Number of protein chains: 2
Amino acid sequence: MSSCKQCIARQLNGMNTLTKEEIKQVSACKTTRKYKKGDIIFYENEMLNGVYCVREGLCKLVKLSANGKEQTIKLMGKGELIGQRSIISNERTNLSAIALNTMELCFVPKEEIISAIKTNRDFSFDVLQNLAQGLREAEDDLINMAQKTVRQRLAATIIYVSKNFGVDKEGYLKVHLSREDYASIVGTATESAIRILSQFKKEGLISTFGKKIKIENFKVLEGVE
Amino acid sequence: MSSCKQCIARQLNGMNTLTKEEIKQVSACKTTRKYKKGDIIFYENEMLNGVYCVREGLCKLVKLSANGKEQTIKLMGKGELIGQRSIISNERTNLSAIALNTMELCFVPKEEIISAIKTNRDFSFDVLQNLAQGLREAEDDLINMAQKTVRQRLAATIIYVSKNFGVDKEGYLKVHLSREDYASIVGTATESAIRILSQFKKEGLISTFGKKIKIENFKVLEGVE
DNA sequence: TTTAAACTATGATATTTGTCATGTTTTTCG
DNA sequence: CGAAAAACATGACAAATATCATAGTTTAAA
């Protein structure tokens with residue numbers, strides 16, 4: 001059986017300020033679950049009774065709008081805690097979580113997390129900083145959405161995925177997202193995302209191989225207008 | 001001299017879980033400052049050495065873009081703490097704070113806040129919930145920006161101002177924002193904001209008297225398409 | 001392997017929103 | 001008060017993006 005220690009040792013974890021005792025405790029009561037691409041981890045407007053720690057894979061947090069279109073708010077990868085915010089504010093989820101590839105998640109009951117927050121100052125402060133960081137990112141995203149063009153946002157998203165989830169030996173983004181996923185992150189129509197990616201190819205900023213994307217000219221891509 | 005107790009008694013305060021001792025402490029070392037409309041409380045990319053608690057008035061948190069346009073991220077009114085996030089994450093501000101009318105702010109040194117967070121569990125958890133709440137709001141704003149039309153966002157903003165800052169006896173919004181301010185909140189051109197407000201008037205959803213706005217048909221305004 | 005489904009691609013067109021120009025009204029301040 | 005500045009208003013046009021249509025391509029499943 002896998003322990004949380006490994007995760008924490010690898011610094012992949014939103015819980016790396018827990019004491020050894022606490023880790024043992026969390027490790028003992030967590031349950032690991034597997035998900036396939038497209039699986040729904042939870043829907044919006046659910047009451048969670050725990051948080052999910054990403055051990056492996058990638059998922060998206062999305063909001064479904066009235067017209068059936070979905071907006072992706074955030075991608076969550078290794079070591080990130082999903083549902084933390086809902087647990088802390090004791091509210092229903094405002095977003096759905098959907099697996100983007102094969103995932104392994106550790107589910108930690110609410111009480112464990114809350115108890116750790118209440119008793120371990122370092123962990124509590126860590127969570128605090130984590131939320132503050134998240135808030136800053138959310139503000140930045142809002143600004144980008146308001147002030148940048150679709151083209152600029154798409155370029156920024158490709159760079160984000162490259163930086164956060166890495167590239168393989170040939171330089172292709174490790175994470176393979178569909179054009180629809182990109183559109184949903186950027187907040188545009190799928191056709192627009194496709195069109196702009198085609199433009200990027202023509203302009204030599206990226207190249208593709210099947211679904212895989214490689215950044216060919218980072219500097220220009222970063223500064224597209 | 002004014003004490004923090006008054007603010008806290010009136011529940012106007014992001015610090016109402018502090019103990020009596022702590023309040024005395026904060027009260028003792030805070031300094032009160034006055035600002036006029038348009039005054040800059042701080043710029044983006046500054047290192048704050050404390051937080052500002054709004055005792056009176058209203059300000060906006062804005063981001064200036066390359067082309068000189070500004071995006072308003074949030075309006076801050078009575079009892080709200082400004083700069084909290086930057087203090088906690090120990091980063092430079094990512095936004096500027098600008099007074100929208102005559103303001104009175106209490107400045108509380110960083111050390112006081114951090115010390116209170118580290119020693120008072122209730123306060124710490126309160127801040128945690130506050131940030132979680134803020135994060136949710138930021139996510140909602142992002143979704144609105146991505147999925148709603150300018151028209152819908154402007155309608156929502158009017159309703160927001162009405163709910164959060166109230167109306168006078170005649171039903172006019174207490175807070176008077178310029179069309180430019182509305183445009184900056186909604187993320188559009190000033191002319192577009194003006195045009196849409198004119199439409200709302202023609203459609204009988206709002207009425208105006210000088211700079212003052214009154215909601216005439218809440219239901220329809222709330223559900224505009 | 002073959003067949004359907006999902007994904008990618010691109011053109012044509014419509015809609016939304018931004019920009020520029022110009023004039024009016026309101027506010028501010030010497 | 002009266003002039004200058006700021007804010008408001010609206011038309012005309014341009015640019016960005018969405019929508020609809022149609023077809024090629026890849027993927028997955030029977």
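What you see is a predicted model, and the numbers here were worked out from it, not measured in a lab. Here is the naming used below: chain letters follow the sequence lines, and residue numbers restart at 1 for every chain.
In A:F218, the CZ atom is crowded: over 12 heavy atoms of neighbouring residues, nucleotides or ligands sit closer than 6.0 Å.
Regarding contacts with the backbone of D:dA16, every side-chain N or O of A:R151 stays at 4.0 angstrom or more from both OP1 and OP2. For A:T190 and C:dC7, the shortest distance from a side-chain N or O to OP1 or OP2 is not below 4.0 Å. Taking side-chain N and O atoms only, B:K211 has no distance below 4.0 Å to OP1 or OP2 of C:dT27. A:R179 has a side-chain polar atom (N or O) that falls below the 4.0 Å cut-off from OP1 or OP2 of C:dT8. Between A:S178 and C:dC7, a side-chain N or O to OP1/OP2 separation shorter than 4.0 Å is absent. For the pair B:T188 and C:dT17, the criterion of a side-chain N or O lying under 4.0 Å from OP1 or OP2 is not met. The side chain of A:S198 contributes an N or O atom lying less than 4.0 Å from OP1 or OP2 of C:dT10.
Ion pairing between a basic and an acidic side chain is recognised when a charged N comes within 4.0 Å of a carboxylate O; B:E70 and B:K60 show such pairing. A salt bridge between A:K74 and A:E80 is present, with a side-chain N of the basic residue lying under 4.0 Å from a carboxylate O of the acidic one.
Residue-to-nucleotide contacts include a donor-acceptor pair under 3.5 Å from the side chain of B:R195 to the base of C:dT19.
Both tests pass for A:K214 against the ring of A:Y172: distance under 6.0 Å to the centre and angle within 45° of the axis.
Taking atom CZ on A:F209 and atom P on D:dT25, their separation rounds to 16 Å, with Å as the unit. To the nearest angstrom, P of D:dT26 lies 14 Å from NZ of A:K212. A:Q199 has its CD atom 13 Å from the C1' atom of C:dA9, to the nearest Å. As a whole-Å value, the separation of A:L177 CG from C:dC7 P is 12 Å. Remark: P of C:dC20 and NZ of B:K69 are 10 Å apart, rounded to the nearest angstrom. With rounding to whole Å, A:I206 atom CD1 is found 14 Å from C:dA9 atom C1'. Computed from coordinates, the A:E191 CD to C:dG11 C1' distance equals 12 Å when rounded to whole Å.
B:K37 comes within 4.0 angstrom of no nucleic acid atom, judged by non-hydrogen atoms across all strands.
Considering A:I41, A:T32, A:T31 in turn, A:I41 is the only one that fulfils the side-chain contact (heavy atoms from CB on, under 4.5 Å) rule with A:L105.
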